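The block underneath contains the structure these notes are about, expressed in structure tokens.
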Amino acid sequence: MPKAATLVIENDPATIRRTVLAARAAGRRVGFVPTMGALHAGHVSLVKAAADCDDVVVSIFVNPTQFGPGEDFDRYPRSLDADCRLLAEAGVRWVYAPPTEALYPPGDATRVVVDGPSRRWEGEHRPHHFQGVATVVCKLFSMVPADAAFFGAKDWQQAVVVRRMVRDLAIPIDVVVCPTVREPDGLALSSRNVYLSSNDRVRAVALSEGLASARSCWQQGGTAAEATAALAAPLARQAIDVDYAVVVDPDSLEPHPGDARSLPAIALVAGRVGPTRLIDNMLLS
Ligand code: PAF
């Protein structure tokens, strides 16, 4: 991706759609990075992963339907100017920052439900979350008909849900899942890390520590139960209020069948560090 001369901010769905289709008709490969803004190095890594495309579009939209009652929709960090400066520096060609009515017009009545992979884990703790994610991503894919879309592995279950939706609805876009970016001490980058007090920031490292010790347990021949116990220990030491800490099949997201070591495994964790809910995961095999 050559460095774009000027970043263009579009708000209108018809214009961004026309622009992307025109670029593709001219033989350009277009990459798309959907975000909710409050961008950090994790998002920049997605833009870099899209660098084999000729042009990159980044959407910035804090999607109300993926937040539950009492969650942080109102206080979710919003920093459009700073985000655009970062994206211009990263060589992004277009930012699509639609108003809410573009995604949810008056009388909007349609939702996308991806059943199987949405049910467990995040689905149990945030009941309408994946319906909101699938709905907005489906709409964004229609407004930004790119060749490929880039998602972070930190939201592993979200990536599985999006892949399943794309397959089931035959949406013509490649879904690329990119590695999680971490702080030097292991904490996964997240827009919500800004909520952490300095004490909670120290405690939050227990998530990545637990995942790393689950992985080393697994790699030394431990069973799924032993890896789960290794994951749980640092969380307990830091008194993290755990929603789930599990070892599952990375595709079905069903609990991993014990010591069947030939099958791939991933550890998923979610918990509250003080008032801040964080999620993380690590492939074990
Ligand atoms: O991962 C996110 O930032 C959001 O869930 C997404 C995919 C942009 C949908 O709002």
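What you are looking at is a predicted structure, and each value in this text was computed from that prediction instead of being measured.
- Between Tyr244 and His125, the two ring planes are tilted [angle within 30° to 60°].
- Counting only heavy atoms from C-beta outward, the side chains of Arg93 and Val57 never approach each other to under 4.5 Å.
- Hydrophobic clustering (side-chain heavy atoms under 4.5 Å, transitive across Ile, Leu, Val, Met, Phe, Trp, Tyr) groups Leu86 together with Val47.
- Heavy atoms only, all atoms of each residue included: Ala38 and Ser79 are closest at CA-OG, 3.5 Å.
- A donor-acceptor pair under 3.5 Å is formed between the side chain of Asp83 and the backbone N or O of Leu39.
- The distance from atom CG of Leu87 to atom SG of Cys84, rounded to the nearest 0.5 Å, is 6.0 Å.
- Counting all heavy atoms, side chain and backbone alike, Pro250 lies closest to Trp156 at O-NE1, 2.9 Å.
- Arg24 pairs with exactly one of Asp55, Asp147, Asp54 by the salt bridge (charged side-chain N to carboxylate O under 4.0 Å, His left out) rule, that one being Asp147.
- Arg272 and Ile240 make their closest contact through O-CG2, 3.5 Å (heavy atoms, listed as atom of the first residue, atom of the second, distance).
- Residue Ser216 holds its OG atom at 10.0 Å from CG of Leu284, rounded to the nearest 0.5 Å.
- By the 4.5 Å heavy-atom criterion applied to side chains, Lys154 and Ile279 are counted as neighbours.
- No side-chain heavy atom of Phe32 sits under 4.5 Å from any side-chain heavy atom of Val20.
- Both Val56 and Val44 belong to a single network of hydrophobic side chains, linked directly or stepwise wherever heavy atoms of I, L, V, M, F, W or Y lie under 4.5 Å apart.
- Of all non-hydrogen atoms in Leu189 and Gly42, the two that sit nearest each other are CD1-N, 3.5 Å.
- Considering OG1 of Thr65 and NZ of Lys139, their distance stands at 8.0 Å, rounded to 0.5 Å.
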Open item on the list: Working note: Val8 + Val95, criterion side chain to side chain contact (heavy atoms under 4.5 Å, CB included); need CA distance, chi angles, decisive distance, verdict.
Closed with: CA-CA 6 Å; Val8 175; Val95 166; over 6 Å; no
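- Residue-environment remark: NE2 (His128) stays at or below the threshold of 12 foreign heavy atoms within 6.0 Å.
- Taking the side chain as every heavy atom from C-beta outward, Trp218 and Met282 never approach each other to under 4.5 Å.
- Transitive grouping of hydrophobic side chains (ILVMFWY, heavy atoms separated by less than 4.5 Å) keeps Val176 and Val160 in distinct clusters.
- No donor-acceptor distance shorter than 3.5 angstrom exists from the side chain of Glu254 to the backbone of Asp249, with no hydrogens or angles considered.
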Open item on the list: Applying side chain to side chain contact (heavy atoms under 4.5 Å, CB included) to Asn193 and Leu278, what does each step give before you reach the verdict?
Closed with: CA-CA 8 Å; Asn193 290 352; Leu278 298 176; 3.6 Å; yes
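- The structure places NE2 of His256 at 11.0 Å from CD1 of Ile266, a figure rounded to the nearest 0.5 Å.
- Using a 4.5 Å heavy-atom cutoff, the side chains of Pro34 and Phe151 are in contact.
- In summary, Arg120 and Glu124 engage in a salt bridge, as defined by a charged side-chain N under 4.0 Å from a carboxylate O.
- Gln157 contributes a side-chain N or O that, together with a main-chain N or O of Glu122, makes up a donor-acceptor pair within less than 3.5 Å.
- Distance check, rounded to the nearest 0.5 Å: NZ of Lys48 to SG of Cys178 gives 12.5 Å.
- Judged as a salt bridge (charged side-chain N to carboxylate O under 4.0 Å, His left out), not a single pair has a partner in residues 160-170 (not counting sequence neighbours).
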Task: Step-by-step salt bridge (charged side-chain N to carboxylate O under 4.0 Å, His left out) determination, Asp280 to Arg182 - done: CA-CA 10 Å; Asp280 198 356; Arg182 297 182 180 281; 2.9 Å; yes
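- Residues Ile60 and Leu140 do not share a hydrophobic cluster, defined by chaining ILVMFWY side chains whose heavy atoms lie under 4.5 Å apart.
- Residues Asn63 and Tyr104 have side chains that bring a donor and an acceptor to within less than 3.5 angstrom of each other.
- Remark: Arg111 is not positioned above the aromatic ring of Phe130, lacking an NZ or CZ atom under 6.0 angstrom from the ring centre and at most 45 degrees off the axis.
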Open item on the list: Glu71 vs Arg126, test: side chain to side chain contact (heavy atoms under 4.5 Å, CB included). Steps then yes/no.
Closed with: CA-CA 9 Å; Glu71 290 187 352; Arg126 304 183 70 191; 2.6 Å; yes
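- Between Arg201 and Asp185 a salt bridge is recorded (basic side-chain N to carboxylate O distance below 4.0 Å).
- Between Leu235 and Ala245, the shortest heavy-atom distance links the atoms CD1-CB, 4.1 Å.
- A donor-acceptor pair under 3.5 Å is absent between the side-chain atoms of Thr135 and the main chain of Gly132, judged by distance alone.
- Distance alone, capped at 3.5 Å, places no donor-acceptor pair between the Arg28 side chain and the Ala23 backbone.
- Closest approach of Thr35 and Gly37 over heavy atoms only: OG1-N, 3.0 Å.
- The side chain to side chain contact (heavy atoms under 4.5 Å, CB included) test with Val137 is passed by exactly one of Gln158, Gln66, Met165: Met165.
- Side chains of Ser191 and His40 form a contact here, defined as non-hydrogen atoms less than 4.5 Å apart.
- Using a 4.5 Å heavy-atom threshold, the side chains of Cys138 and Ile171 count as touching.
- Side-chain N or O atoms of Ser285 include one that pairs as donor or acceptor with a backbone N or O of Ala265 at under 3.5 Å.
- A salt bridge is defined here as a Lys NZ or Arg NE, NH1 or NH2 lying under 4.0 Å from an Asp or Glu carboxylate O, and Asp81 with Arg85 fails to meet this definition.
- The distance from the CE atom of Met36 to the NE2 atom of His43 is 8.0 Å, given to the nearest 0.5 Å.
- With sequence neighbours excluded, no residue satisfies ring-ring contact (aromatic ring centres under 6.0 Å, His included) with Phe61.
- Using a 4.5 Å cut-off on side-chain heavy atoms (C-beta onward), Asp74 and Phe67 make no contact.
- Counting only residues at least two apart or on different chains, the side-chain hydrogen bond (donor to acceptor under 3.5 Å, both in side chains) pairs with a member in residues 7-20 are Asp12-Thr15.
- The main-chain N or O of Ala153 is found under 3.5 Å from a side-chain atom of Asn281 such that the two form a donor-acceptor pair.
- Two different hydrophobic clusters hold Tyr76 and Leu80 under the rule that ILVMFWY side chains link at heavy-atom gaps under 4.5 Å.
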